[in-house]
Amino acid sequence: MESILVNPYTAIRLFAKTYLAYGDTVLIDRRYKVTREAWIASMFLIALKKQTGNDWWLTPVLNSGSPDFECYSFYIESDYKFVVRSVIKLEVFEWRKASNGDDFVGSIKRIKLDKIIDPEITLLCYIRRNCTVQPAVELSKQMAELNPRVKDIWYLGDVSGDSTNWRVAKVYPDNLAADINYDDVLRTTEQYSFLGPHRGKSNKVEFEPTGKKILLTPEFKIVELPN
């Protein structure tokens with residue numbers, strides 16, 4: 001099946017519905033790992049849109065160690081007047097307070113940076129609610145000392161304590177931050193839930209639905225249904 005791109009708002013709504021149906025199981029069961037990671041990735045992409053103004057779409061990368069998702073944005077190249085597809089290779093990582101005492105930087109180094117060999121990977125870390133991190137400026141200094149072989153490093157964390165306000169912050173190679181309100185996210189209705197990977201038109205950025213019936217399961221399996 002041709003790759004199907006998923007709207008971040010669709011992925012977030014799937015997670016919310018799955019959580020309502022299955023409760024805390026969704027947060028710990030490996031069966032829902034991709035659904036959890038898609039939620040994390042989607043929050044990142046929505047924050048990225050807030051910074052750049054560009055819409056982003058994601059699709060899971062199956063049967064591969066890294067990345068977890070490929071993310072796409074379509075825009076007009078002004079000099080050439082055609083639609084360009086920008087790509088982010090996104091690796092998602094959840095940080096918990098580990099029994100071995102690793103802090104945020106130590107955990108990323110041990111679990112991810114020592115294993116990633118692709119310099120174009122974007123690493124996104126979700127900070128669990130019971131964890132705290134140093135200010136982004138201080139984290140940037142520590143990350144620079146590691147000299148990581150990745151494109152950039154970000155984190156997603158709950159800054160309100162009640163899952164209302166979230167911050168997406170870039171800590172390598174420079175600093176950038178965007179805050180998003182989760183209630184606003186859940187109230188947003190997307191125009192299209194799914195796209196084919198080449199839906200940008202040649203003279204303007206205009207998207208069309210895939211023309212297929214698509215089912216996104218609670219396990220984040222993209223299933224093409226018969227018409």
Side-chain angles (χ1 to χ4, degrees), residues 1-50 52-76 82-92 94 122 124 126 156 166 180-227:
M1 182 177 71
E2 183 186 48
S3 294
I4 299 295
L5 308 185
V6 182
N7 191 303
Y9 289 101
T10 303
I12 287 173
R13 190 169 295 108
L14 171 73
F15 178 84
K17 290 179 178 178
T18 304
Y19 183 80
L20 287 175
Y22 300 101
D24 288 346
T25 299
V26 178
L27 304 179
I28 57 176
D29 194 324
R30 186 165 183 82
R31 176 184 175 190
Y32 303 105
K33 180 177 182 291
V34 181
T35 306
R36 291 194 301 272
E37 292 180 345
W39 180 87
I40 297 166
S42 295
M43 293 287 282
F44 165 71
L45 294 178
I46 289 171
L48 202 60
K49 178 183 178 180
K50 189 173 182 179
T52 66
N54 295 330
D55 289 306
W56 286 88
W57 305 76
L58 74 157
T59 190
V61 179
L62 304 177
N63 303 318
S64 174
S66 184
D68 295 311
F69 299 92
E70 288 185 345
C71 310
Y72 298 91
S73 181
F74 304 90
Y75 63 94
I76 292 291
F82 63 86
V83 173
V84 175
R85 186 174 67 167
S86 181
V87 182
I88 294 175
K89 294 191 284 187
L90 188 63
E91 179 78 7
V92 175
E94 297 183 61
T122 290
L124 172 63
Y126 170 61
L156 166 68
W166 294 78
I180 51 179
N181 182 285
Y182 195 53
D183 291 337
D184 290 343
V185 171
L186 292 177
R187 284 193 292 263
T188 301
T189 302
E190 65 274 26
Q191 183 177 9
Y192 301 124
S193 292
F194 307 102
L195 293 180
H198 305 288
R199 288 295 175 179
K201 291 186 176 181
S202 60
N203 59 342
K204 59 181 177 178
V205 179
E206 180 177 303
F207 301 119
E208 300 173 348
T210 63
K212 304 172 183 177
K213 293 181 180 179
I214 304 298
L215 171 67
L216 191 60
T217 73
E219 298 82 13
F220 212 82
K221 293 180 181 179
I222 302 171
V223 180
E224 182 179 336
L225 302 175
N227 290 323

List the steps, then state whether side chain to side chain contact (heavy atoms under 4.5 Å, CB included) holds for Ile40 with Phe69. CA-CA 11 Å; Ile40 297 166; Phe69 299 92; over 6 Å; no

A side-chain contact here means heavy atoms from C-beta on lying under 4.5 Å apart; do Ile180 and Met43 qualify? yes

Is Arg36 paired with Glu94 through a side-chain N to carboxylate O contact shorter than 4.0 Å? yes

Quick one: does Thr25's side chain get under 4.5 Å of Tyr32's, heavy atoms only? yes

State the CG-CD1 distance between Asp184 and Ile46, to the nearest 0.5 angstrom. 10.5 Å

Can a side-chain donor-acceptor contact be found between Glu190 and Tyr192 if the only test is distance below 3.5 angstrom? no

For Asn54 and Ser73, the nearest pair of non-hydrogen atoms, with its separation, is CB-OG, 3.3 Å

Quick one, Thr10 with Ser193, criterion side-chain hydrogen bond (donor to acceptor under 3.5 Å, both in side chains). Give me CA distance, side-chain angles, the key distance, then yes/no. CA-CA 6 Å; Thr10 303; Ser193 292; 3.2 Å; yes

Validation row: Cys71, Leu58 side chains within 4.5 angstrom (heavy atoms): yes

I want to check something: taking the side chain as every heavy atom from C-beta on, are Leu124 and Glu91 in contact at a cut-off of under 4.5 Å? no

Side chains of Pro60 and Asp68, heavy atoms from C-beta outward: is any pair under 4.5 Å? no

Output, in order, the C-alpha distance, side-chain angles, deciding distance and verdict of side chain to side chain contact (heavy atoms under 4.5 Å, CB included) for Leu48 and Ile88. CA-CA 11 Å; Leu48 202 60; Ile88 294 175; 3.6 Å; yes

Show the numbers, then the answer: is there a side chain to side chain contact (heavy atoms under 4.5 Å, CB included) between Tyr72 and Leu195? CA-CA 11 Å; Tyr72 298 91; Leu195 293 180; over 6 Å; no

Are Ile12 and Leu186 packed together at the side-chain level, in the sense that at least one heavy-atom pair is separated by less than 4.5 angstrom? yes

Quick one: side-chain hydrogen bond (donor to acceptor under 3.5 Å, both in side chains) partners of Tyr9, sequence neighbours excluded? none

Quick one: CD on Glu224 to CG on Leu215, what's the gap to the nearest 0.5 Å? 11.5 Å

Here the gap from Arg187 atom CZ to Tyr182 atom OH, rounded to the nearest 0.5 Å, amounts to 12.5 Å

Can you see whether Tyr19 engages Asp24 through a side-chain donor-acceptor pair at a distance of less than 3.5 angstrom? yes

dist Leu45:CG -> Asp55:CG (nearest 0.5 Å) comes out at 10.5 Å

Quick one: does Ile214's side chain get under 4.5 Å of Ile222's, heavy atoms only? yes

Is a donor on one side and an acceptor on the other found under 3.5 Å between the side chain of Thr59 and the backbone of Glu70? no

Tell me which one of Thr122, Val92, Leu156 satisfies side-chain contact (heavy atoms from CB on, under 4.5 Å) with Phe44. Thr122

Search all heavy atoms of Pro67 against all heavy atoms of Val61 and return the closest pair with its distance. O-CB, 3.5 Å

Output the distance between atom CZ (Arg13) and atom CG (Leu216), rounded to the nearest 0.5 Å. 11.5 Å

Note, Thr217 side chain near Val223 side chain (heavy atom, < 4.5 Å): yes

A quick test of your reading: do over 12 heavy atoms of other residues, nucleotides or ligands sit less than 6.0 Å from CZ of Arg30? no

For the aromatic rings, using the six-membered ring if either is Trp, is the centroid distance between Phe15 and Phe220 under 6.0 Å? no

To the nearest 0.5 Å, how far apart are CH2 in Trp56 and CG in Leu5? 11.5 Å

